[in-house]
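Written out below as structure tokens is the structure these notes cover.
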Amino acid sequence: MLRNVPVYRGLEVQDRERLIDDVSDAYTRAAAAIRAREAAETEDDSIGPTSLEPVEIPEFDELIGIDESVYRQINAALATGKQHLMLYGPPGTGKTTLAQLVSGVLHGAYAMITGSADWTSQDVIGGYQPIGEGNVRFIPGVLLQKFDRPLIIDELNRCDIDKVIGPLFTVLSGQKTTLPYRTDVSEKNSPAFVILPKPKPGTAEHEFAPKPGWRIIATINSIDKAALYQMSFALARRFGWIYVGIPRDLQYFLLAIMRKSELIGDESEPDDDIPLTRIWRAVNAVRVIGPAPILDMLKTVHAIEPGINFLRAPNAEEATAYLDGFYMYILPMLDGILSKGAHTIAAEVQSALALDEKGEESRTLNYRLVDLAV
Amino acid sequence: MLSEYDLELRQCGSKKKTLHDCKPTNETTGFWDSPTDASNKPLRWLLHLELVKDRVIARVPNEHGARRIAFANTAQGTSGGVTTRIVPAIQLREEKFVFYETWEWLLLYCFLPALPAGSSGQLFDKFDETSGSLTYMGKEQQYIAASLITLQDDDNEFSDPDLPRAIKYSEATEAIAKLIHIAPADTAPVGKDTE
Ligand SMILES: Nc1ncnc2c1ncn2[C@@H]1O[C@H](COP(=O)(O)OP(=O)(O)OP(=O)(O)O)[C@@H](O)[C@H]1O
Ligand SMILES: [Mg+2]
């Protein structure tokens, strides 16, 4: 509603009080409006499909070259009532994207946290927190706050798995967990909070129960092998493990992506491997990397040389653009490779880009790769 | 009060005590000397006051950046209130203004939820005094309340040989309140019908 700005005399006590009253009033009303809006939204969310209704995950257009085994296994896990999924595989194969798309189909919404070494059970489950005037209260963590929708734990390998999901373990195995937190800290006999393993209508104040849409979808980057072994067998067994690998046919994948982004025409079908395919293949022989860094490299080359023909061997300027993309996105993924591998990659990149063997650029390429090697 | 909602107040220009500490001003235009430079991070909101037919009127200077009323560090995403300091440039005659800092006003805007996190010097821009609309990070920004706070005695007077008569702070306040319209977001709880 349009009106003139109200005036308050800052030097007068009465006016200052009036200002405080009016402003607090505005905050109270706005907060109530937000709560009402959120309540309305949460009701909508819980209408989402439940894990009990069979939902078929379709192949997603957004992702290209994902092996059909991935979809087959996800659907099998869901059909057999496996609630939680673990997507693992080399970096950049689309695991995070896939987790989001799957959550979207299952529920239309999700909560996502990205693993980090300093995650604690306080962040995930919750814990006592000061609420002013020397009082503390149990504040639920992200899991309990969003107990009605899929929780994506992205890059689970980056956090201390047992510390983060450990407290959830009993829940994952179908038992009730009592948390070491009471509803009223000052009242010794007040009930402790509990997490129930299954949905329950009409939960009490101290009970957290998942809604039917809740499940965990975690991703693990399998370069980090240690993480896979770090997880106890008992915990691992609660998940359906789905390997998301790199596209089986690299050339096919690259051509499909380029067609989709109109970098090449529909009918172009080169007989031989294009430069990018050769580079990616050479890298994969040493260390497997998914499409994401290759796509970043592709975009970089195109940004520097907009007129480039990706199907042909590059001229000198174009080769420089390829190298820029390679240095920016591929090189950082190769830290710690063996020096033999560094040499084979260098040789293949040099040949794919038709670099002069004795030229400055070949020398730099070799030097940079070997520098990363152990 | 704000802390109840985990919010903080940002006071734009509070670190610079006087106008002199800010950027150079121009007495001919009644605005910053270099509009582009100073309007990037406006430390004060400059308004023109003029005595027209014995009545004080206020206007927004017709200058580049005059509608950028404030900037604030909103990077934490916890800003629930922003104040800006208004300093008048009183027009004495054609191309002659005085910046009269004895008179200041605070303009307060309140937000809930907090302003979306921006930069450490995020601007409030394109202020439209007739519609009350405010632009923040390229979008129209809703606010839940706005107030003009006076910081001087109503009877305080400003006079100058160039002016036919002295003008009072209260007159200036009234002129500014007339100029600035506000349109706070409708915060009636949803679900209730409003008549
Ligand atoms: N198969 C694919 N088809 C199309 N785009 C892909 C594919 N794989 C990855 N991408 C794109 O690469 C980017 C990164 O993918 P995403 O983050 O999902 O991979 P990730 O497997 O989670 O990687 P990381 O292991 O590094 O976390 C996204 O923009 C995604 O769209
Ligand atoms: Mg990822």
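For chain A, the nearby part of B/L107 is the side chain; its heavy atoms alone come within less than 4.5 Å.
Nearest heavy-atom pair across B/I182 and A/P6 is CD1-CD, 3.6 Å. When all heavy atoms of B/C110 and A/V23 are compared, the pair lying nearest together is SG-CG1, 3.7 Å. Nearest approach of B/D154 to A/R9, heavy atoms of both residues: OD2-NE, 2.6 Å. Considering every non-hydrogen atom in both A/L2 and B/S131, the closest pair reads CD1-O, 3.2 Å. Listed here is the closest heavy atom pair of A/Y27 and B/I144: CD2-CD1, 3.6 Å. Residues B/A177 and A/V7 share a closest heavy-atom pair of CB-CG2, 3.5 Å.
Scanning residues 95-102 of chain B against chain A with a 4.5 Å non-hydrogen threshold yields no residues.
Put simply, the side chain of A/N4 reaches to within 4.5 Å of the side chain of B/H181, judged on heavy atoms.
Within a 6.0 Å sphere centred on CG of A/D61, other residues, nucleotides and ligands contribute 12 heavy atoms or fewer. More than 12 heavy atoms of other residues, nucleotides or ligands sit less than 6.0 Å from atom NZ of A/K200. Crowding of B/Q152 atom CD: a count of heavy atoms from other residues, nucleotides or ligands under 6.0 Å exceeding 12. For B/R55, the CZ atom counts as loosely surrounded, since its 6.0 Å shell holds 12 or fewer non-hydrogen atoms of other residues, nucleotides or ligands. The 12-atom threshold is exceeded at CD of A/E187, counting heavy atoms of other residues, nucleotides or ligands nearer than 6.0 Å.
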Exercise. Given side chain to side chain contact (heavy atoms under 4.5 Å, CB included), test A/D22 with B/S147 step by step and report yes or no.
Key: CA-CA 10 Å; A/D22 289 355; B/S147 329; over 6 Å; no
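When each of B/T130, B/I180, B/L106 is checked for heavy-atom pairs under 4.5 Å with chain A, B/I180 comes out on top. Highest contact tally toward chain A, considering only B/G132, B/G81, B/G80, B/A145, is held by B/G80 [criterion: heavy-atom pairs under 4.5 Å].
One finds the OH atom of A/Y8 at 10.0 Å from the CG atom of B/L148 (value rounded to the nearest 0.5 Å).
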